[in-house]
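So that the names make sense, note that chain A is the first sequence line, chain B the second, and so on, each numbered from 1.
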Amino acid sequence: MPEGHTIHRAARDHHRMFVGQRLTVTSPQGRFDVGAGRISGRICEAVEACGKHLLYHFKAAPSLHIHLGLFGRILKGKVPAGDPRGEVRVRLAGESHHVDINGPTICETLSSAEVVSLLSRLGPDPLRDDAEPELAYARITRSRLPVGQLLMDQSVIAGIGNIYRTELLWRQRVHPELPGKDLSAASFEAIWQDACNLLALGAKRNAIITVENAPPARSRYRERVNIFGKTDCPACGSAIRRFTLATRKVYVCEHCQPR
DNA sequence: AGAGTTGTTCAAGC
DNA sequence: AGCTTGAACAACTC
């Protein structure tokens with residue numbers, strides 16, 4: 001479910017809901033230690049996203065660090081909250097709403113020094129205004145690895161996942177197997193700018209949308225994409241090739257994305 | 001019902 | 001040092 005747009009959307013929403021409030025933090029299954037009031041009852045000062053990482057900052061307490069991984073979910077409801085459904089690692093309850101974090105791969109507290117070290121190992125995030133894209137381009141041109149792999153590396157760019165990497169490369173007509181060191185500055189610029197726009201659109205619409213003039217969503221799965229999971233190229237009609245890159249399936253139109 | 005998946009880390013080895 | 005591979009973890013849709 002989550003690429004960067006999901007996490008940023010949640011961070012904005014939760015920021016609005018929780019900042020300045022005293023949060024009740026519980027761990028229904030007891031699989032996350034919030035014991036001894038480490039966070040519980042503390043004032044929420046900020047909610048922040050960087051790439052796919054979500055951070056809740058508290059007054060005079062460690063931060064809560066969430067990473068949803070491949071399967072994690074964030075469920076929101078009004079207080080009073082009902083019984084937790086599924087693997088709810090942590091529940092955050094404010095005055096009017098509560099949030100359940102289901103099945104995250106990371107759910108932990110971090111000191112401020114640990115927060116700094118987490119953020120420092122992430123690459124620039126197209127959805128953050130403090131992003132420095134030059135750092136990403138420097139990393140890319142330093143490597144012979146395929147661009148399609150580098151775009152998925154969170155220490156190169158934070159927030160891009162498997163669908164966005166496929167779609168960005170198709171939209172900018174770059175072959176995923178192009179070695180990073182051969183990516184032109186112009187192509188990188190275009191990919192970066194496109195990522196900024198698409199991720200922002202995704203956060204706004206709560207769905208990955210990479211096609212122009214997307215019609216309203218019909219099903220629950222609301223993603224609207226060009227070649228991800230498809231068999232034919234919408235631009236030229238030729239067959240889409242799929243193969244594994246960085247342990248994930250990537251799609252390419254060999255005609256529109258020449259090597 | 002079972003396969004597939006919008007992710008990451010770690011360790012070991014080349 | 002740069003890179004590759006595999007295992008482990010998890011929730012939901014079709």
Tell me, please, which residues at least two apart from [X] pass salt bridge (Lys or Arg N to Asp or Glu O under 4.0 Å).
| X | value |
| --- | --- |
| A:Glu177 | A:Arg241, A:Arg259 |
| A:Lys76 | A:Asp13 |
| A:Arg9 | none |

Looking only at heavy atoms, what is the nearest atom pair of A:Gly51 and A:Ile7, with distance? O-CB, 3.8 Å
Nearest of C:dC12, B:dT6, B:dT9 to any side-chain atom of A:Arg121? B:dT9
Among B:dT6, B:dT5, B:dT8, the one nearest any side-chain atom of A:Phe71 is B:dT5
Counting C-beta onward and ignoring hydrogens, is there a side-chain heavy-atom pair between [X] and [Y] closer than 4.5 Å?
| X | Y | result |
| --- | --- | --- |
| A:Leu169 | A:Ile191 | yes |
| A:His8 | A:His5 | no |
| A:Leu64 | A:Ile101 | no |
| A:Trp170 | A:Val225 | no |
| A:Arg171 | A:Glu212 | yes |
| A:Tyr164 | A:Thr210 | yes |

Take A:Glu48 and A:His15 through the side chain to side chain donor-acceptor pair (under 3.5 Å) test and state the conclusion after the steps. CA-CA 8 Å; A:Glu48 173 185 24; A:His15 193 93; over 6 Å; no
When the distance from [atom1] of [X] to [atom2] of [N] is rounded to whole Å, what number comes out?
| X | N | atom1 | atom2 | value |
| --- | --- | --- | --- | --- |
| A:His53 | B:dT6 | NE2 | P | 18 Å |
| A:His67 | B:dT6 | NE2 | P | 14 Å |
| A:Arg85 | C:dA10 | CZ | C1' | 18 Å |
| A:Phe228 | B:dG4 | CZ | C1' | 11 Å |
| A:Arg73 | B:dG7 | CZ | C1' | 13 Å |
| A:Leu70 | C:dC9 | CG | C1' | 10 Å |
| A:Glu3 | B:dG7 | CD | C1' | 10 Å |

Using a cut-off of strictly less than 4.0 Å between a heavy atom of the residue and any atom of DNA chain C, enumerate the qualifying residues of [range] by number.
| range | value |
| --- | --- |
| residues 100-117 of chain A | A:Gly103 |
| residues 124-139 of chain A | none |
| residues 143-169 of chain A | A:Ser143, A:Arg144, A:Leu145, A:Gln149 |

Considering only Ile, Leu, Val, Met, Phe, Trp and Tyr, and joining two whenever side-chain heavy atoms are under 4.5 Å apart, list the other residues clustered with A:Val116. none
Cluster companions of A:Val250 among Ile, Leu, Val, Met, Phe, Trp, Tyr (side-chain spacing under 4.5 Å): A:Phe243, A:Leu245, A:Val252
List in chain and number order the residues that pass ring-ring contact (aromatic ring centres under 6.0 Å, His included) with A:His65, two or more places apart in sequence or in another chain; answer none if no residue qualifies. A:His53
Which residues pass the ring-ring contact (aromatic ring centres under 6.0 Å, His included) test with A:Tyr137, sequence neighbours left out? A:Phe188
Where along residues 241-253 of chain A does a heavy atom come under 4.0 Å from DNA chain B, residue by residue in number order? A:Arg248, A:Lys249
For the residue pair A:Phe18 and A:His14, does the interplanar ring angle fall in the parallel (under 30°), tilted (30 to 60°) or perpendicular (over 60°) class? tilted
Under a 3.5 Å cutoff on both atom distances, Watson-Crick or G-U, what's the dot-bracket for DNA chain C ([ ] crossing, | other strand)? .||||||||.||||
